[in-house]
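Below is one structure, written out as structure tokens; the observations come after it.
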Amino acid sequence: MPQLPTAAQARIPVGIPAIPMTAALQATNAPTETPQSTAQVQQQPQHRPHHQTLHDEPHRMHKLLIAGALAGSVSRTITAPVDRVKMLLQVDSQRMTIRQGIQRIASEGSVCAYFRGNGANVLKIAPETAFKMTFNDLFKSIISKDPD
């Protein structure tokens with residue numbers, strides 16, 4: 001059997017443990033369990049994934065509403081500076097580049113200038129996203145119901 005190179009010879013970064021190749025090959029060549037006969041295969045119950053619905057968990061609807069509202073609020077807040085620059089470029093009568101728009105907002109004061117008007121956006125998007133998530137889950141559970 002050939003000699004395996006050391007960690008220094010293989011140029012493995014410090015802190016990453018070196019695993020001998022033989023151990024890795026032994027792990028992949030491990031025998032897999034197979035049924036003895038076709039009768040055993042037929043006797044094994046088939047497990048279907050169970051999707052939770054609004055009826056399975058009593059507070060699922062409330063959790064989805066809160067999660068949707070938070071997701072919408074966070075996403076709108078993260079993209080608020082881009083929205084602010086876009087709005088400034090749309091309403092300004094003189095031609096302006098994106099860089100000039102960013103500089104103009106920065107000249108208005110602190111970092112809060114990039115988030116001006118974000119509260120109204122959050123009040124608009126939070127309930128919208130909350131209801132979208134909740135109704136998406138509801139319709140998904142109605143459509144994918146198993147008739148059995």
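Here the structure is a predicted model, which means the values were calculated and not measured. All values below come from the heavy atoms of this structure, side chains included, with hydrogens, waters and symmetry mates left out. Count residues from 1 along the sequence.
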_From OG1 (T79) to CG (N121), nearest 0.5 Å_ = 8.0 Å
*Is it the case that more than 12 heavy atoms not belonging to F115 sit under 6.0 Å from its CZ atom?*
yes
*Does any non-hydrogen side-chain atom of D92 lie less than 4.5 Å from one of R104?*
yes
*If you group Ile, Leu, Val, Met, Phe, Trp and Tyr whenever their side-chain heavy atoms sit less than 4.5 Å apart, what else falls in with V122?*
none
*Is I78 linked to L70 within one hydrophobic cluster, defined over Ile, Leu, Val, Met, Phe, Trp and Tyr using a side-chain heavy-atom separation of less than 4.5 Å?*
no
_Check for me, please, whether M96 and V85 land in the same ILVMFWY cluster - side-chain distances under 4.5 Å, paths through other members count._
yes
*Between K124 and E128, is there a side-chain N and carboxylate O pair less than 4.0 Å apart?*
yes
*In terms of hydrophobic clustering (I, L, V, M, F, W, Y; side-chain heavy atoms under 4.5 Å; direct or indirect links), are M61 and F139 co-clustered?*
yes
*CG of D137 to NZ of K132: how many Å apart, nearest 0.5 Å?*
16.0 Å
_If we ignore hydrogens and angles and just use 3.5 Å, is the side chain of R84 paired with the main-chain N or O of A113 as donor and acceptor?_
yes
*Could you tell me whether the side chain of S75 and the main chain of G72 form a donor-acceptor pair under 3.5 Å?*
yes
*asked:* For the CZ atom of R95 and the CD atom of Q100, what is their distance to the nearest 0.5 Å?
replied: 11.5 Å
_I'd like to know if I142 and F131 are part of one continuous hydrophobic network [Ile/Leu/Val/Met/Phe/Trp/Tyr, side-chain heavy atoms within less than 4.5 Å]._
yes
*Residue pair H62 / H59, side-chain heavy-atom distance below 4.5 Å*: yes
*Would you say D83 and R76 make side-chain contact, with heavy atoms under 4.5 Å?*
yes
*Spatial distance of atom OG (S107) from atom CD1 (I102) [nearest 0.5 Å]*: 12.5 Å
_Just checking I98: does its CD1 atom have more than 12 heavy atoms from other residues, nucleotides or ligands closer to it than 6.0 angstrom?_
no
*Can you check whether V82's main-chain N or O pairs, donor with acceptor, with Y114's side chain at less than 3.5 Å?*
no
*Looking at T97 and L89, what are the two nearest heavy atoms and their distance?*
O-CD2, 3.6 Å
_Interatomic distance, I66 atom CD1 to T134 atom OG1 [nearest 0.5 angstrom]_ = 10.0 Å
*Heavy-atom pair of closest approach, residues S73 and I125*: N-CG2, 4.3 Å
